[in-house]
Amino acid sequence: MYYPDQRHMMAWTTVRRERLLPEDAVGTVEVRRGQTVNLTDVIARGSLPARYVYVEAAAALGLRRESDLIDRMLVELGETVDPGQPLAGQADGRGRRVLAPVGGVIAYIGRGRIIIQTRPETVELQSGLVGTVTAVTPNRGATIEAFGALVQGVWGNGRRAIGALRAEPPGGLEAIYDDSIQREYSRAVVVTRHPLTAASLNVVAVQQVGGVIAPSLDAALLPQALAMSAAVMLTEGFGNMRMGPQAASLLEGFAGRPAVLDAHQPGRWDTVRAPEVIINLPPKSGGRPPAPDVDRALSPGMTVRLTREPHAGWHGEIVELPPAPQPLANGLRVPCARVSLASGETVVVPLANLEFMGR
Amino acid sequence: MAAQHYGAILAADFGNTHTRLVLLDLVDGAYRLVARADARTTDNFPFNDVRVGLARAAADISRATGRRLTTDEGDVITPEQPDYAGVAYFVATASTGRPLRALIVGLVPDISVSSALRATAGAYIEVVETLSLDDRRSEEDMLNAVILSRPDLVLIAGGTEGGAREPLLALVHVIEQAVALTERPRRPVVLYAGNSALVPQVRAAFDGQTTLFIASNVRPALEQEDLDSVRQRLGQAFDRYVGNRGSGFDSVGRASASGVLPTALGYETLVEYLGQTSGDSVLLVDVGSAVSTLAAYRRGAASTVIRTDLGLGHSAYSLLETLGSASVARWLPFSVQPGELENYTRNKTIRPATVPETLRDLYLEHALLRAALAALLETSRPVARNGGAPPDYRTVIGSGAALTRTGSPGLSALLLLDALQPAGVTALFADPHGLAPALGALARVQPEAVVQTLDSGGLERLGTCVSLTGQPRAGRPALRVKVTYENGSVVEEQVAGGHLWLCPLAEGESAQVDIRVLARGAAVNGRGRLRLQLIGGRAGLVFDARGRPLPLANTPAGRAAQMPQWIAQAAGAPLQEIDPRWLKPERAEREKPAADKPRPPKNPPSNARRRKAAAAKAENDSSDSEMEDLRNVLS
C-alpha cells in the first residue's frame with residue numbers, strides 16, 4: 001500500500017487547525033474549549049525571550065559580603081521594575097542606592113548581583129478562523145474547528161492576510177494600478193493563474209493588496225516576496241509554472257467570500273503545517289462536511305495531482321497501480337501509477353510524484 | 001561464541017522522508033531478511049506521529065508474512081506472542097527532524113573545544129554557540145548567548161586530568177546561571193566531559209536543575225583524546241532528545257531494546273564490524289533527504305562525518321548554497337539556465353520525496369548527488385581519504401534511495417565511482433533495503449544475526465570495480481582484460497581510455513581476471529599486469545579506464561560527449577544524447593527583483609497595447625532564434 005503525500009484542495013470540508021504561539025514564547029491561552037471564535041479574536045498572548053542585564057549590586061553598594069545583598073533588596077524576585085527604579089539600598093532612602101538600568105522583570109538575585117530580564121516582545125495569536133475551540137494546549141494555543149473551502153499551497157512568505165477573495169482583473173495583477181480597480185483589490189486576497197513577476201509583486205505591495213495566491217515565482221524574487229507585508233502563497237512551486245485549472249476554478253468560484261490566507265513559510269526542519277487559504281462558509285443543511293481523509297492509500301479511481309515535470313500541476317485519475325517498478329523515459333525504474341489525464345492521455349508517473357487532495 | 005538466538009528481529013529506521021522497516025527471522029537455523037517495507041515518515045503535518053508510518057510499513061510486512069507486528073495504536077508488539085504476533089527484539093534508529101542544537105564549552109579552542117567538536121562529528125548536531133577562554137565577551141554577553149541560542153544540549157569539555165580547575169568552573173557557572181534562568185521544560189541537557197576532578201562541582205551545579213550526563217574526560221592529556229565515552233553519552237542524549245520531541249518517538253524508544261539510536265551510529269558500528277571481520281578498509285556513504293553521512297573504517301579506527309547541510313530533499317537548497325552552483329554544474333552535460341539550479345533545489349526542498357521524470361531533471365538530481373558525495377569525502381579528510389591520493393577503500397557501500405534506487409545496478413555503481421573515485425580494486429555494495437542502520441544497531445548485541453543476514457545477501461553486491469589510476473588518453477587502448485569464468489569460458493576485451501566496460505558476472509560467482517595496463521603512466525594497484533580472482537555482482541565486473549582523477553571535461557559540450565556515454569556503458573542502456581539546444585548558453589534575462597521603491601507606470605498599457613507589444617516581442621524572439629541558428633550553421 002502506498003500512502004501519497006497530501007495537499008488538500010476541497011470545496012467543502014471540516015478544518016481543524018492547531019494555532020500555537022512560537023516555540024520559544026512563554027504565554028497564556030485566552031479561550032476555553034467549546035468557545036466560538038471569530039477570525040481576528042486573540043486566542044493566546046505570549047512573550048518572546050529577551051536579553052538579561054547584570055546589575056553588580058553588592059559591589060555598587062560597597063558590601064563586604066555578597067550575601068548581605070539580600071537584606072538590602074528593595075524589590076523581589078519576579079517583580080516588574082521600570083528604568084531608574086531603586087533596586088537595592090537603604091529602605092529609608094538614605095545612602096547609596098542601585099537603580100534599574102533597564103525596565104524588566106527581576107529574574108535572579110544572588111552572588112551579589114541582580115539579573116533583570118528586559119521587557120520581552122509580546123506576541124498575540126489570532127484565531128484566523130471562524131469556528132469553535134475543540135482543544136486547548138496549555139500556554140501555547142488552541143485547536144479550532146471550522147467549515148469551508150480549503151486550498152493548500154507549497155510555499156508561503158510567512159505572512160497572514162484576512163480579506164475578500166478576488167480573482168485577478170483581466171489585465172492581470174499589473175492592472176490593479178488602475179484606481180477604479182484598485183479600490184476593489186485593496187486588502188483583498190487575490191488569485192492569479194500566472195507566475196509572479198517583479199512587476200506584479202510591486203503592484204501587490206504598492207496597492208496594498210492583502211495577499212496573493214499564485215502558482216509560482218522565480219527563486220530570484222524570493223527576497224522581494226519575503227520583504228513584503230502582503231501574504232504570498234504559491235500553489236505549484238518555484239520557476240515558471242501556471243496554476244492548475246482545478247485549483248484556479250475552485251478559488252475563483254469563491255470570489256467575494258472572506259478568506260484567511262495563512263502563508264506559512266515551511267522551514268527545512270519545520271513542516272508541521274502547510275501554507276493554506278481557508279474560506280469560511282456558513283453551515284449547510286445535511287450536517288458537518290467530511291474532514292480530509294488523511295489515511296487514504298493510493299488506489300485506482302482516486303484523483304491526484306502530478307507534481308513534477310513534464311506534468312507538473314496536472315490532475316488525473318489513477319487507472320492502474322502496476323505491482324513492479326516501471327521504467328521512465330530518463331532510465332530510472334521506480335514504483336509508478338498509470339494516470340489518466342483530462343486530455344485523455346494516460347501517463348506513467350512515479351508514486352512519489354503524486355499528491356492526494358483530501359477526498 | 002554460540003549464536004544467541006532471540007527469535008524474530010524487527011528494525012526500523014526513521015529517515016526524513018521514509019521509514020524503513022526490516023524483519024529478520026530464523027530460516028533453517030540462520031537469520032535472513034524475511035521481509036521489508038517502507039512508508040513515508042509521519043513526524044510532520046498532518047500526523048505528527050512517527051508511529052503512523054511505522055504501522056503502515058508494518059502492515060505491508062504483515063500482509064506478506066501473516067505476522068502482526070504492531071498494536072492498533074502503532075506500537076510494536078514485543079516480546080513475541082504465542083499467536084505468532086510481535087517480535088522478540090526491536091531496534092530503532094533515526095535521522096529525522098531537526099538536529100540537536102548544541103553549545104560547546106571548552107577551555108582552549110584548539111584543544112578541548114576541538115576535541116568536543118570531533119566527538120560531535122558523528123551525531124546529528126548543529127553547533128549553535130561556542131564558549132571558551134578565548135571568548136572576549138563579558139559574562140553577561142555569554143549568558144545571553146547561551147540563553148538566546150536555545151541549545152538542546154550543552155557539552156562541556158576542558159581541563160586535562162589534574163590540570164587547571166578555576167577557568168573551567170567560571171564557564172560552568174555561566175551555564176549554571178543560564179540553565180536556572182530558562183524555563184524548566186526548555187532547559188538544555190548538560191553533558192560534562194572535562195577534568196574529572198570537577199565532577200562533584202558540576203553535579204552540584206546541575207543535579208536537580210536539568211538532566212546531566214557525565215563522560216570521561218575527552219582530553220585527559222594534551223596529546224591524548226578519548227572520544228568513545230562522550231560519543232556514547234551523546235547517543236543517550238540523542239535518545240532522550242528524540243523521545244522528548246514527542247511525535248511518538250517516546251513510545252518507539254520504550255519498545256526498542258536500545259532506545260532510539262542515531263542512524264549514523266548504526267552506520268559507524270556496521271563499517272567497524274565489517275572492517276574488523278574482513279581486515280579491510282570500508283566506506284559507507286548515504287546522501288539522504290536532509291542529512292548526508294559518511295562512515296569509514298580504516299587502519300583499525302572507525303569514524304563518521306555527518307553533514308546536516310547536504311541532502312537531496314529537505315537540504316537540497318542548503319546543498320546548493322553550501323557548495324555553490326559551480327560544484328553542481330561541473331557534473332552537468334548541458335548549460336545551466338539562469339536560476340535553474342535554485343528553482344530546482346527549492347522545489348526539491350518543498351517536495352523532498354519526489355523523483356525526476358525527465359532526463360534533464362535526472363542529470364540535475366545526480367549532479368547534486370555527486371557534488372554531495374564529493375563534499376562528504378572532502379569533509380572526512382584526513383580520516384577517510386588516502387592523503388591526497390584517491391581513496392583506497394576495498395569496500396564501498398552506497399545507502400539511501402538516490403544511490404540505490406536508480407533502476408540499474410550499473411548506474412548506482414557509476415554514481416559511486418564518479419563521486420568517490422576509488423582507485424585499484426573495490427567491492428561495491430548497495431543497501432536498497434535500508435538494512436545498514438539496523439545491522440549496525442544489532443552488531444554489538446546480535447552479531448550472529450548480522451553475519452547471517454549479510455551472508456544471505458542483505459546488502460546488494462553491485463560488483464567489483466577495477467579502476468585505472470593515471471590519465472589514459474581518451475579513445476586509445478588502456479586496458480586489456482581476460483575474464484575466465486568458473487565454467488572455463490573466456491571473454492577478452494580491450495578497454496579504451498575514457499571508457500567503462502562492464503563484464504557480466506553474477507552475484508556470488510567468481511572469475512579469474514588477467515589485466516594488462518596498456519596506457520602509458522597508468523596502473524592498477526601500482527602495477528601494469530595483474531591476475532585477480534574477482535567476485536561478481538548485479539552489475540558484474542566494472543573496468544573503469546577513465547583514469548584518476550576523473551578527467552571530467554571543463555565545458556558542458558565536453559561533458560555532453562562523456563557523460564551519456566558513461567551512463568550507457570554502465571547501465572547497459574541505449575545512448576541518450578544531449579539535445580544540442582541544451583548546450584546553447586542561455587540568452588533570456590532572468591527576472592530581477594524590482595527596485596525598493598517601485599513607481600506605478602503613469603499610463604498603464606491597455607490590453608490592446610499589451611497584445612501588440614507581446615506580438616512584437618515574440619517576433620523579436622523569433623528573429624533572435626533565427627539569427628542564432630544562422631550563426632550555428634555558419635560556424
Side-chain angles (χ1 to χ4, degrees), chain A residues 1 3 5-6 24 26 49 51-54 107-108 115 117 154-155 170-171 174-175 177-178 197-199 201-203 205-206 218-224 237-239 266 268-274 292 294-295 307-311 325 327-334 349-350 352-353, chain B residues 39-40 44-48 52 56 59-60 97-99 138-140 143-144 147-148 150 177 180-181 183 186 290 314-315 318 338-339 342-344 346-347 349-351 353-359 361-362 405-408 411 567 571 573 576 590-594 598 600-601 604 607 610:
Chain A
M1 304 273 267
Y3 294 83
D5 275 345
Q6 299 211 352
D24 50 351
V26 178
R51 276 188 68 83
Y52 290 85
V53 173
Y54 279 21
Y108 174 80
I115 300 179
Q117 184 183 21
V154 295
W155 183 86
E174 288 87 340
Y177 270 120
D178 190 316
T197 62
L201 283 173
N202 256 346
V203 172
V206 171
D218 191 291
L221 298 176
L222 275 172
Q224 192 182 347
F238 294 97
R268 190 151 59 108
W269 308 114
D270 154 38
T271 45
V272 290
R273 62 197 172 100
V294 295
D295 205 20
T307 61
R308 295 270 313 233
E309 296 295 348
H311 305 107
L328 303 180
N330 61 17
L332 285 184
R333 186 178 286 272
V334 291
V349 184
N353 299 354
Chain B
R40 291 297 304 274
N44 282 318
F45 178 84
F47 300 103
N48 303 319
V52 175
R56 286 172 174 176
D60 277 351
R98 172 173 73 74
S138 66
E139 187 184 329
E140 180 183 310
L143 177 100
N144 280 297
I147 292 173
L148 298 177
R150 293 186 288 117
Q177 185 82 72
L181 289 171
E183 263 198 306
R186 296 174 187 188
H314 297 82
S315 298
S318 162
E342 192 178 347
N343 284 327
Y344 185 87
R346 292 261 185 203
N347 284 324
T349 300
I350 54 181
R351 287 189 167 112
T354 58
V355 297
E357 292 182 52
T358 65
L359 184 64
D361 279 1
L362 184 64
R405 296 190 181 174
T406 60
S408 156
L411 182 54
I567 291 169
Q576 290 206 62
R590 194 181 179 201
E591 185 87 43
K592 292 281 192 313
N607 283 346
R610 246 196 305 273

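Within every chain, numbering begins at 1; the chains are lettered A, B, ... in the order of the sequence lines, protein sequences first and strands thereafter. Nothing here was measured: the structure is a model prediction, and the numbers come from that model. The analysis underlying the following values was restricted to heavy atoms, covering all of them including side chains, and did not include hydrogens, waters or symmetry mates.
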CG of B/Asn44 to NE2 of B/His314, rounded to nearest 0.5 Å, is 6.5 Å
Taking every heavy atom of A/Asn330 against every heavy atom of B/Thr358, the minimum-distance pair comes out as ND2-O, 3.3 Å
Okay, B/Ser138 and chain A: the region with an atom under 4.5 Å from a heavy atom over there is neither
Whatever's closer than 4.5 Å to a heavy atom in chain B on A/Leu332 counts as both
| Just by modelled atom types, is the B/Val355 backbone N or O under 3.5 Å from a matching donor or acceptor in the A/Asn353 side chain? | yes
* Asked: So, A/Asp5 and B/Arg351, do they make that salt bridge, N to O below 4.0 Å?
  -> no
Would you find a donor on one side and an acceptor on the other, under 3.5 Å apart, between the side chain of B/Asn343 and the backbone of A/Asp218? no
When the 4.5 angstrom heavy-atom criterion is applied to B/Asn347 and chain A, the contacting part is both
CD of A/Gln117 to CG of B/Asn144, rounded to nearest 0.5 Å, is 9.5 Å
Honestly, the part of B/Glu357 sitting under 4.5 Å from a heavy atom of chain A is both
Rounding to 0.5 Å, atoms OH (A/Tyr108) and CG (B/Leu143) come to a distance of 10.5 Å
Turns out that what part of B/Leu181 lies under 4.5 Å from chain A's heavy atoms comes down to both
Under 4.5 Å to a heavy atom of chain B? For A/Val334 that would be side chain
If you tally heavy-atom pairs under 4.5 Å between each of B/Ala571, B/Ala573, B/Ala180, B/Ser318 and chain A, the highest tally belongs to B/Ser318
Applying a strict 4.5 Å limit to non-hydrogen atoms, the region of A/Pro49 in contact with chain B is both
If one checks every heavy atom of B/Ile350 against chain A at 4.5 Å, the contacting part turns out to be both
So CD of A/Glu309 and OH of B/Tyr344: to nearest 0.5 Å the spacing works out to 11.0 Å
The interface call for A/Ile115 against chain B, heavy-atom contacts under 4.5 Å, is side chain
So, the part of B/Gln177 with a heavy atom under 4.5 Å from chain A: the answer is side chain
Applying a strict 4.5 Å limit to non-hydrogen atoms, the region of B/Glu140 in contact with chain A is both
When the 4.5 angstrom heavy-atom criterion is applied to B/Ala290 and chain A, the contacting part is both
One should read off an interatomic distance between B/Thr354 OG1 and B/Asp361 CG, to the nearest 0.5 angstrom, of 9.0 Å
When the 4.5 angstrom heavy-atom criterion is applied to B/Thr349 and chain A, the contacting part is neither
